[in-house]
Colleague: 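Below: one structure in structure tokens.
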There are 2 protein chains.
Amino acid sequence: MAAVGIKTGIKTGMKIGVLAGRSGLPVKTLRYYEDLGLLPAIGRSEGGYRLFAEQSLRRLEFIRRLKTLGLSLEEIQGCLVVHDAGDLPCADIQIQLERQIGRIDAQIEELGQLRQELQGLLAGWQSDPAKEGDVICPNLRV
Amino acid sequence: MAAVGIKTGIKTGMKIGVLAGRSGLPVKTLRYYEDLGLLPAIGRSEGGYRLFAEQSLRRLEFIRRLKTLGLSLEEIQGCLVVHDAGDLPCADIQIQLERQIGRIDAQIEELGQLRQELQGLLAGWQSDPAKEGDVICPNLRV
DNA sequence: CGTGATTCTCCACTCCTGGGGAGACTTTAT
DNA sequence: ATAAAGTCTCCCCAGGAGTGGAGAATCACG
């Protein structure tokens with residue numbers, strides 16, 4: 001079974017349900033990824049069934065990792081497009097990655113600022129301020 | 001103009017356009033907030049026009065502030081419900097803010113990990129590695 | 001060869017925060 | 001009194017990441 005592809009020289013591949021089972025992702029999600037171009041199938045069977053290569057598992061693992069790290073599918077696709085652009089010299093990919101790091105730094109910076117603002121707000125927080133008028137919460141100079 | 005409501009003792013209020021002008025928010029947004037229950041109108045005119053109290057401005061300012069601090073409208077509504085019940089929602093707001101800071105921290109942490117991963121990838125980058133097999137760019141092993 | 005499991009495409013729906021516009025009605029200003 | 005401006009409700013649209021179902025086709029097993 002595992003060696004089916006070896007017998008014939010013909011293009012073989014997992015059907016979507018197998019890939020779903022091995023990757024742990026729902027079939028729907030795999031189709032969704034394929035539609036987006038994140039996870040290209042190597043082709044279709046006679047009956048039109050998607051066929052995926054073994055590499056798809058690695059690719060899905062890569063996607064999963066980046067996803068858990070908070071990247072959007074669009075950002076991940078950016079990485080994969082670069083990855084798949086085989087004709088481009090590695091230097092271009094390097095630039096893409098550096099750009100990606102720059103974007104991440106900007107995001108971290110932005111989040112840090114927001115965090116600081118919230119922290120500063122809480123720092124001066126009074127747990128039981130005097131009620132006055134129709135003030136909603138005296139801690140917030142609204 | 002500003003004193004129109006004083007002449008009659010009858011329940012008066014801003015129409016939505018006035019509140020929009022004074023708050024700087026689009027009419028659509030105010031209607032949306034009213035629909036959600038975030039910004040109750042004091043009533044309707046004969047013709048069915050929403051009428052808002054002066055306090056609505058303060059309330060909108062409160063909403064705006066919490067929004068810029070990253071709270072969802074639902075979380076803000078939670079605070080406002082407490083407020084409308086007669087209490088100062090200080091404690092609730094505090095909890096929401098702390099929760100928000102926690103979320104930001106987690107996000108920063110994850111981004112930092114991704115950054116490190118990409119950085120590590122670039123650290124071992126070879127500008128012109130030998131191509132081998134079906135690896136498109138040997139620097140990127142997924 | 002039949003039957004059930006798998007897969008296909010297409011459409012709709014979720015949550016969130018509104019934006020755009022249609023068509024009808026109310027209010028205001030001249 | 002009439003025209004213009006404001007407001008009403010209702011419905012569709014966006015993006016992000018899928019999920020669910022209908023109906024049709026295909027595959028695998030006995």
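Chain letters run A, B, ... following the sequence lines, proteins first, then strands; residues in each count from 1.
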Colleague: Checking contacts here: which listed nucleotide (D/dG18, C/dT17, D/dC27) is nearest the side-chain heavy atoms of B/Lys67?
Modeller: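 The closest nucleotide is C/dT17.
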Colleague: Would you kindly check whether a donor in the side chain of B/Lys28 faces an acceptor in the base of C/dG20, or vice versa, at under 3.5 angstrom?
Modeller: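 Checked by distance alone, the answer is yes.
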Colleague: Judged by each residue's nearest nucleotide on DNA chain C, which is more toward the 5′ side, B/Leu73 or B/Glu46?
Modeller: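 The 5'-side residue here is B/Leu73.
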Colleague: Of the options D/dC8, D/dT19, C/dG19, whose atoms approach the side-chain atoms of A/Thr29 most closely?
Modeller: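 Comparing D/dC8, D/dT19, C/dG19 against the side chain of A/Thr29, the answer is D/dT19.
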Colleague: Identify, between A/Pro26 and B/Gly47, the residue whose nearest nucleotide on DNA chain D lies closer to the 5' end.
Modeller: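 Here B/Gly47 is the residue nearer the 5' end.
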Colleague: Measure CG/B/Leu38 against P/C/dT17 and give the value in whole Å, please.
Modeller: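 The answer, rounded to whole Å, is 9 Å.
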Colleague: So, are A/Glu54 and A/Arg59 salt-bridged, with charged N and O less than 4.0 Å apart?
Modeller: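 Not counted as a salt bridge, because no side-chain N and carboxylate O are separated by less than 4.0 Å.
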Colleague: Select base, sugar-phosphate, or nothing to describe what A/Arg31 touches, counting heavy atoms under 4.0 Å on all strands.
Modeller: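 Answer is base: heavy atoms of A/Arg31 come under 4.0 Å of a base.
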Colleague: Are any non-hydrogen side-chain atoms of A/Thr12 and A/Leu51 less than 4.5 angstrom apart?
Modeller: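 SC-SC contact between A/Thr12 and A/Leu51 ruled out.
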Colleague: Under 3.5 Å, is there an N or O donor on one side and an acceptor on the other linking the side chain of B/Tyr49 and the base of C/dT27?
Modeller: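 No pair found.
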Colleague: Whole Å only: how far is the CD1 atom of B/Ile76 from the P atom of C/dC16?
Modeller: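 Whole-Å distance recorded here is 13 Å.
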Colleague: With a 4.0 Å cut-off, would you call A/Arg64 and A/Glu61 a salt bridge?
Modeller: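 Yes, this pair counts.
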Colleague: Can you identify which nucleotide, out of C/dC8, C/dT28, C/dG18, has its nearest atom closest to the B/Lys15 side chain?
Modeller: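 Of C/dC8, C/dT28, C/dG18, C/dT28 is nearest to the side chain of B/Lys15.
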Colleague: Could you check A/Leu25, A/Leu60, A/Leu80 and say which one makes a side-chain contact (heavy atoms from CB on, under 4.5 Å) with A/Leu39?
Modeller: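 In the set A/Leu25, A/Leu60, A/Leu80, the residue that makes a side-chain contact (heavy atoms from CB on, under 4.5 Å) with A/Leu39 is A/Leu60.
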Colleague: Rounded to whole Å, how long is the line connecting atom CD of A/Gln77 with atom P of D/dG18?
Modeller: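 That distance rounds to 13 Å.
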Colleague: Which nucleotide in the set D/dA17, C/dT9, D/dC27 lies at the smallest distance from any side-chain heavy atom of A/Ser72?
Modeller: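 In terms of side-chain proximity for A/Ser72, the closest of D/dA17, C/dT9, D/dC27 is D/dA17.
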Colleague: CZ of B/Arg50 versus C1' of C/dT27: gap in Å, rounded?
Modeller: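 Taking atom C1' of C/dT27 as the reference, CZ of B/Arg50 is at 16 Å.
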Colleague: When you measure from the side chain of A/Ser56 to the backbone N and O of A/Phe52, does any donor-acceptor pair fall under 3.5 Å?
Modeller: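 Checking the backbone N and O of A/Phe52 against the side chain of A/Ser56, no donor-acceptor pair under 3.5 Å is found.
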Colleague: In whole Å, what is the span from the OH atom of A/Tyr32 to the P atom of C/dT9?
Modeller: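 In whole Å, C/dT9 P and A/Tyr32 OH are 16 Å from each other.
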Colleague: What nucleotide, of C/dG18, D/dC8, C/dC16, holds the atom closest to the side chain of B/Glu74?
Modeller: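 Looking only at side-chain atoms, B/Glu74 lies closest to C/dC16.
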Colleague: Can you check whether B/Arg44 has a side-chain N or O nearer than 4.0 Å to OP1 or OP2 of C/dT27?
Modeller: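 Checking B/Arg44 against C/dT27: no side-chain N or O falls below 4.0 Å of OP1 or OP2.
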